[in-house]
Structures are given as structure tokens and as C-alpha cells.
Number of protein chains: 4
Amino acid sequence: MSSNDKREEIVRAALELIAENGFHGAPMAMIAERARVGAGTIYRYFENKDLLIAGLYRDLEERMVPVMLDGYSLEQSLRERFLHLGTSFIRYFIANPLYFRFLEQFHNSPYGTAYRKEKILGKEGGCDVFRELFEEGVARQVIKDLPLPVLFALAFGPLLAVARDHILGFVILDDLLMTRFIEACWDGVKR
Amino acid sequence: MSSNDKREEIVRAALELIAENGFHGAPMAMIAERARVGAGTIYRYFENKDLLIAGLYRDLEERMVPVMLDGYSLEQSLRERFLHLGTSFIRYFIANPLYFRFLEQFHNSPYGTAYRKEKILGKEGGCDVFRELFEEGVARQVIKDLPLPVLFALAFGPLLAVARDHILGFVILDDLLMTRFIEACWDGVKR
Amino acid sequence: MSSNDKREEIVRAALELIAENGFHGAPMAMIAERARVGAGTIYRYFENKDLLIAGLYRDLEERMVPVMLDGYSLEQSLRERFLHLGTSFIRYFIANPLYFRFLEQFHNSPYGTAYRKEKILGKEGGCDVFRELFEEGVARQVIKDLPLPVLFALAFGPLLAVARDHILGFVILDDLLMTRFIEACWDGVKR
Amino acid sequence: MSSNDKREEIVRAALELIAENGFHGAPMAMIAERARVGAGTIYRYFENKDLLIAGLYRDLEERMVPVMLDGYSLEQSLRERFLHLGTSFIRYFIANPLYFRFLEQFHNSPYGTAYRKEKILGKEGGCDVFRELFEEGVARQVIKDLPLPVLFALAFGPLLAVARDHILGFVILDDLLMTRFIEACWDGVKR
DNA sequence: GATGAATGAGCGTTCATTCAT
DNA sequence: CATGAATGAACGCTCATTCAT
């Protein structure tokens with residue numbers, strides 16, 4: 001097994017356990033066991049548990065951006081771009097429910113709180129493109145003239161909530177329903 | 001100090017500590033100290049920590065409903081009723097940021113997960129009235145014909161997100177902004 | 001068992017183990033076991049291992065002073081006073097070899113080093129009386145006019161070395177030999 | 001780098017780290033790093049950490065003897081020989097404070113204790129010559145008729161104590177003071 | 001021979017829970 | 001009833017040692 005494989009196994013194991021059981025259900029020894037690795041080995045790759053988790057978060061963020069931007073074009077209308085991003089966003093989490101669960105655990109946790117302090121805005125990987133979209137929309141009077149955080153709340157709030165509901169099995173978002181849902185989100189932000 | 005006072009002190013102390021520091025920053029001994037009560041005493045009122053926290057949650061839910069329903073009238077239009085509930089909802093959390101922080105801690109935690117498993121729908125205290133509102137709105141073709149969880153996501157998602165942003169100081173929701181924000185939520189759910 | 005007994009048991013156990021095996025041979029779990037106490041219990045009495053050990057040291061220091069001063073009188077000649085203190089000092093450690101071993105462990109250890117930084121001089125409990133003796137002796141031209149630390153080295157160096165030798169069984173210091181030895185120390189410091 | 005160089009690098013690195021930080025501040029990995037050698041390499045030269053440290057000790061002992069004997073002549077008087085050895089001894093440690101610090105760390109440590117058990121007498125490198133000096137002095141009635149360990153205590157006790165004080169900066173031993181100090185030691189052992 | 005990644009026993013410490021008082 | 005001292009399992013982390021390369 002190569003060194004890189006080991007790192008990846010650790011990341012995978014940590015992600016799974018945290019997604020399944022939360023941080024309190026993912027002690028280092030259990031992560032090591034699931035990764036089929038000695039307990040001390042984790043510390044060759046991550047200085048401590050906090051940094052392992054922060055690393056996990058950064059990993060997920062980075063992986064997400066290109067997926068969301070795939071097929072995204074500034075030549076489309078604002079509405080089309082919004083629908084594209086919203087759909088990508090939700091599809092991504094439906095396809096990777098573990099990632100979603102992890103991010104939820106992370107956000108409301110001492111780990112996430114410290115991390116968020118640095119970023120304030122620009123949260124939720126790939127937000128920059130959302131921010132640009134909103135700013136352009138406000139300027140062109142297509143989107144409501146509300147502060148950015150409020151627009152983010154109107155867009156991400158429902159997206160995250162519905163992704164959670166789908167993952168927990170409270171709704172099944174087929175293609176039609178997803179489209180109608182994201183159009184509803186657009187209704188919230190558009191003028 | 002009456003038995004009831006003691007219980008209340010415990011609840012208050014636990015709420016404060018969890019809201020301020022998260023679950024990891026609220027060990028039983030610290031809760032007992034803040035409540036000016038022996039550590040063992042907590043166990044007279046709550047079988048264990050999980051049930052203390054679940055009890056806390058139930059408490060908050062119950063306290064919230066009458067506040068939200070204050071001034072609520074079935075004689076108002078659906079839109080007016082939605083705006084009323086949304087405004088009450090957000091005002092309540094702005095007035096009680098500790099409650100909000102606690103609920104956020106609770107939702108993504110082993111405690112909350114177990115609890116949610118029981119309730120599936122009907123979550124977020126005072127939802128019944130929201131559910132009735134949505135069902136009536138769908139039936140009367142005023143609200144989009146989407147599954148209830150999706151409508152909940154469209155309404156609560158932004159409400160919770162914006163409440164968090166306000167509490168963390170990312171936006172300041174004055175009366176005007178709050179009204180415009182909740183109208184935007186209505187735009188999301190209305191036909 | 002009273003609370004005080006428990007504290008004492010912990011102190012005794014820690015002292016024994018450290019004296020017998022050094023710091024590395026006295027993990028908290030072993031101290032707890034020897035004290036017939038839960039591992040967590042130690043932490044009710046001592047914030048952490050460092051403070052347990054510093055506490056132990058302070059304890060020993062305090063216990064020693066009155067023993068050394070018993071029968072000490074400023075009306076005796078300088079020589080008699082020196083012999084008295086030297087004899088008491090060495091007798092004390094011969095009677096309490098565990099204390100001696102502990103102090104030796106302590107002095108050259110991260111624990112002791114930090115502690116010594118604060119005190120620089122005035123080390124080895126009951127030194128003040130030695131210092132006064134030396135200062136008076138220098139002033140009255142009975143003792144060599146050397147810096148205090150050098151006089152301390154001339155007096156304590158042999159005392160500690162011989163105590164160690166006795167405890168390890170390299171010599172047996174009977175009363176006669178002890179007297180002759182301390183007289184030899186006096187020969188070193190006197191004019 | 002030759003095999004012998006490697007061994008020497010390891011010894012040097014270990015000595016430095018232990019002298020600077022004590023045993024607890026010198027893990028094998030850190031020694032390897034400072035010696036610019038793989039962690040496993042150390043084990044080609046030393047069976048385990050205990051033996052590495054015992055080897056270190058033996059090294060220092062061996063290096064010290066010729067320095068102390070430089071200029072030493074059996075034709076000098078006993079007093080002159082004592083002063084010579086004492087001066088060399090103390091000068092050596094003042095010139096090599098790292099060696100001194102290491103030896104102090106070593107003496108009160110599980111490593112040193114085990115080692116000392118083997119040697120009982122003949123401790124402190126270059127003791128044989130001291131022993132001969134003492135035995136001759138006792139026989140010729142120039143030195144007090146005390147057991148050898150007691151004479152060692154009278155001589156080495158102050159020497160080590162004063163060397164420590166100098167190295168820690170509590171006194172500065174210039175040539176004059178050093179001479180006067182060693183003469184005082186001689187006063188302790190001579191008849 | 002030399003390496004350094006991997007190991008896992010063992011460390012100091014915390015904290016939910018119990019129970020004698 | 002109320003207490004809080006006592007408990008010990010479980011945690012995050014270190015490091016002497018091994019062994020595949």
C-alpha cells in the first residue's frame with residue numbers, strides 16, 4: 001500500500017465515521033481501525049485531530065468547486081446560471097451524502113466555528129461564483145436588492161434543507177421535483 | 001428552593017452552557033455548578049445527559065409555540081399568516097439567541113439525530129400551524145404544489161440561515177429588512 | 001476513609017514509586033493503584049502530574065525544617081551549630097531514605113528545574129538557617145571568606161553525597177563515623 | 001560518511017539533546033534527525049535506548065581520564081596532586097558544560113541507577129587515580145582515616161556542586177576562587 | 001547497510017455516572 | 001431528598017522499536 005493510499009484511507013475512514021456518528025462517534029482509535037492503520041500512523045499525516053478534520057473539510061471544498069462549475073457559462077442568463085448552480089449543488093450532495101453529513105457536522109462544531117471565523121463570508125465552497133451571480137443580478141435589477149448574506153440565506157437555506165431531507169429519506173427528489181424546487185428558490189431571490 | 005426551581009435552574013444552566021460552548025463545553029459537573037446544585041441532583045430530574053438535553057429541546061419547543069401564535073388569526077389571508085409566522089419565528093430567535101444557538105447545536109448532534117428519528121415530520125416546534133398553512137395554501141392553489149418537506153425547506157431554510165447570520169453579526173435585520181426578507185420567502189413558496 | 005486520608009495515600013504512593021523507580025516509573029495509573037484509589041481521584045487533589053510532584057516537594061521541604069531546627073540554639077558556638085545542623089540533615093535523610101531519593105529525582109528533572117528557577121538560592125529546605133550561619137561565620141572570621149554558593153557547595157555537597165552512599169549501602173554511617181564526617185565538612189568551611 | 005562517523009554523530013546528537021532538554025526531551029527520532037541519520041540506523045550501533053545512553057556515559061568517562069591525568073605526576077606531594085586533580089576536574093566540566101549536564105541527567109535516572117549497580121565503587125571516571133591518592137594519603141597519615149566513600153563524598157561532593165553552580169551562573173569561578181575552593185576541599189580531607 | 005514509515009502499548013487527563021453520607 | 005467525592009472507561013497523543021524497501 002503506498003503512502004498516499006494510507007493517507008486516503010485515513011481520510012475516507014474519518015469522513016465515514018464522522019458522517020455516520022458525528023465527531024463524538026469518531027475517536028482516533030476507531031478511525032485508525034477503520035482505515036486499517038495503526039493509531040500512531042494518523043499522526044504522520046495530520047498533526048492532530050483538529051487538523052485532520054480541517055483538512056477533511058478543505059478537501060471536500062476543493063473537490064466540490066470544479067464539479068459545480070462544470071458546464072457553467074457566463075453567457076447564460078442569470079436565471080439559467082442560478083438554476084445550473086443550484087442543481088449542481090444539490091446533485092453533488094445527493095451523490096455524495098457522506099460529504100453532506102460531514103459538512104453539516106463540521107459547521108456546528110468547535111472545529112467549524114474556529115474555521116469560519118477566518119472566512120466570515122465566502123463560506124460554502126464555490127460561493128464566489130454565487131456571490132458574483134448575486135452581485136451582477138442586483139446590479140442589473142434582476143435579483144432583489146438585499147444584502148448578500150440575506151441572498152445567500154434565501155438560496156442556500158432551502159438547498160441545504162432539502163438536501164438533508166432527501167438524504168434522510170423525507171423526500172425523494174427526482175429530476176422534475178428538483179427543477180421545480182430550484183425554480184422556487186429562484187422565485188425567492190429574483191425581483 | 002422548591003423542587004421545581006431546581007429543575008428550572010438545571011435547565012437554564014445547561015441551556016446557557018451548551019449555547020455558549022457547545023456540548024463539549026458543558027460537562028455535567030459544570031452544569032451542576034452553574035445551577036448551584038450537586039452533581040448527583042441532576043440525575044433526580046433527568047435520567048442521564050441525553051435525556052436532559054432532549055428535555056431541554058422539548059422545553060424550548062413548547063415555549064415557542066404560544067409566542068408564535070400570539071396575534072395569529074385564521075381570518076387573515078394566507079400571505080398575511082405566512083408573514084406573521086415568519087416574522088414571529090425570526091423575532092423569537094433574535095430575542096433569544098441562546099435558544100437559537102442551543103437548537104443549532106442540538107440539530108447536528110447525536111442527541112438531535114436520535115430525537116429526530118422519532119418525529120420525522122412535524123419538526124421545528126410550532127410546525128403544525130405551518131403545515132396547516134401550507135396544506136391549505138396548496139389546496140387553494142395559492143402555494144406551489146410541492147411536497148410538504150420541500151415547502152418547509154423553502155420557508156425554514158432561509159429563516160434559520162438568516163437568524164444565524166444576524167446572531168453572528170453578519171447582517172443586522174432591522175424591521176424593514178426583516179419584512180422584505182420574509183416577503184422574499186413568501187415569493188419562494190407562493191404560486 | 002476520610003478525604004484527607006485519600007490525599008495522604010496518594011502522596012505516599014507517589015513518593016514511594018518515584019523514589020523507587022524515578023518519574024518514568026511512576027505513571028499516574030500506577031500511583032492510583034498503589035494508593036488504592038481511582039485514577040481520576042488523583043485529579044481531585046492535584047490539578048495535574050506536575051503539580052502533584054511540586055506539591056510533594058513542598059511537603060517534604062516543610063516537614064524537614066522543624067526537624068532540623070529541633071534543639072538548635074543560637075547560643076551555641078558556630079562550630080557546634082554547624083555540627084548540629086549537619087547531623088540533623090544527614091540523620092533526617094537516613095531515617096527517611098524515600099524522601100532523599102525523591103528529592104534527588106526531583107532536582108534533576110524537568111519538574112525540579114522549573115521549580116528551581118523561582119528560588120535560585122534558598123534551595124534545600126532549611127537553608128536559611130545555614131545561610132545565616134555562614135554569614136555570621138564569615139563576618140566573625142570563623143568561616144572562610146568565600147561566596148555563599150561555594151560555602152553551600154562545601155557543606156551540602158558532601159552531605160548529600162554521603163547520604164546517598166549510606167542509602168545505597170556503600171557505607172554504613174554509625175554515630176562515630178557521622179560525627180567525624182561532619183567535622184571534616186566543618187574543616188572544609190572553617191578558616 | 002564512514003560507519004564510525006555515523007556512530008559519532010549519533011553520540012554527539014544524543015549528548016547535546018539530553019544535556020539541553022533532559023531525557024524526556026530527546027526521543028530517538030529527534031536524536032536521529034539531529035545526527036542526520038535514519039531512525040532505524042541508531043539501532044545498528046546501539047541495541048536500544050538504554051544501551052545508547054550507557055554507551056554515551058562510558059564514552060565521556062573514557063575521554064575524561066587522560067585530560068585529568070595530563071601533567072599529573074606521582075612525584076608531587078599529596079596536596080599538590082589533590083589540587084591538580086580537583087582543578088582539572090572542575091576545569092573540564094566548566095569547559096564542557098554539556099558533558100556535565102549529561103552526567104547529571106544520567107546519574108539520577110533509571111539509566112544511571114542500573115549502571116551504577118554494576119560499579120558500586122570506582123564511580124566518576126578517573127576515580128582510580130583519586131582512590132590511589134586517598135589510599136596513599138590515609139596510609140601516610142596525611143589524609144583523614146575515613147572509609148573511601150566518605151573521602152569521595154568530601155572531595156567530589158563539593159566539586160560537582162560548585163561545577164553546577166558555575167554552569168547555572170550562580171557563581172563565577174575565576175582562577176583565584178577556584179584555587180581557594182579546591183584548597184578548602186583539601187582542608188576537608190586532610191588531617 | 002541504511003532508511004523512515006508504520007506500529008501499538010502506554011501515557012496524562014476528562015467526565016458521565018454512582019452511592020455513601 | 002440532596003450532595004459531591006469517587007470512579008474507571010475512554011480519549012487524544014507520543015515514541016521506542018521494527019521491517020519492507
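Throughout, a chain's letter reflects where its sequence line sits, starting with A, and its residues are numbered from 1. Both backbone and side-chain heavy atoms feed into the values below; hydrogens, waters and symmetry mates do not.
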Side chain to side chain contact (heavy atoms under 4.5 Å, CB included) partners for B/A32, two or more places apart: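 In terms of side chain to side chain contact (heavy atoms under 4.5 Å, CB included), with neighbours along the sequence ignored, B/A32 is linked to B/A39, B/I42.
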Side chain to side chain contact (heavy atoms under 4.5 Å, CB included) partners for B/L60, two or more places apart: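 B/L60: side chain to side chain contact (heavy atoms under 4.5 Å, CB included) contacts with B/L15, B/R63, B/Y99, B/F102, B/L103.
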Qualifying salt bridge (charged side-chain N to carboxylate O under 4.0 Å, His left out) pairs, either residue in [range], two or more places apart:
range: residues 21-30 of chain D; result: none
range: residues 38-51 of chain C; result: none
range: residues 10-35 of chain A; result: A/E9-A/R12, A/R12-A/E16, A/E16-A/R34, A/E20-A/R34

Distance in angstrom units between [X] [atom1] and [N] [atom2], rounded:
X: B/N48; N: E/dT17; atom1: CG; atom2: P; answer: 5 Å
X: B/I31; N: E/dT14; atom1: CD1; atom2: C1'; answer: 15 Å
X: C/D5; N: F/dA5; atom1: CG; atom2: P; answer: 15 Å
X: D/F46; N: F/dT18; atom1: CZ; atom2: P; answer: 16 Å
X: D/L51; N: F/dA16; atom1: CG; atom2: C1'; answer: 13 Å
X: B/E9; N: F/dT3; atom1: CD; atom2: P; answer: 12 Å
X: B/F23; N: E/dC15; atom1: CZ; atom2: P; answer: 15 Å
X: D/I10; N: E/dT3; atom1: CD1; atom2: C1'; answer: 12 Å

Canonical and wobble pairing (Watson-Crick, G-U, under 3.5 Å) of DNA chain F, dot-bracket with |: .||||||||||||||||||||
Nearest-0.5 Å distance that lies between atom CG in B/L160 and atom CG in A/L160: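 Nearest 0.5 Å value for the CG-CG distance: 11.0 Å.
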Plane angle bin for C/Y57 and C/H107 - parallel if under 30°, tilted between 30 and 60°, otherwise perpendicular: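 The arrangement is perpendicular - the two ring planes meet at more than 60°.
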Distance-minimising heavy-atom pair for D/L98 and D/A19: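 Where D/L98 meets D/A19 most closely, the heavy atoms are O-CB, 3.4 Å.
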Mind listing the N/O atom pairs, protein and nucleotides 7-11 of chain E, below 3.5 Å?
{"from": "E/dT7", "atom 1": "OP2", "to": "A/G38", "atom 2": "N", "distance (Å)": "2.7"}
{"from": "E/dT7", "atom 1": "OP2", "to": "A/T41", "atom 2": "OG1", "distance (Å)": "2.5"}
{"from": "E/dG8", "atom 1": "N7", "to": "A/G40", "atom 2": "N", "distance (Å)": "3.2"}

Side-chain N,O (D/Y45) to OP1/OP2 (E/dG1) below 4.0 Å: no
Presence of C/Y43 side-chain N/O under 4.0 Å of F/dA6 phosphate oxygens OP1/OP2: no
All pairs passing ring pair (Phe, Tyr, Trp, His ring centres under 6.0 Å) where residues 10-55 of chain B contributes a residue, at least two apart: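 Residue pairs passing ring pair (Phe, Tyr, Trp, His ring centres under 6.0 Å), neighbours aside: B/F23-B/Y111.
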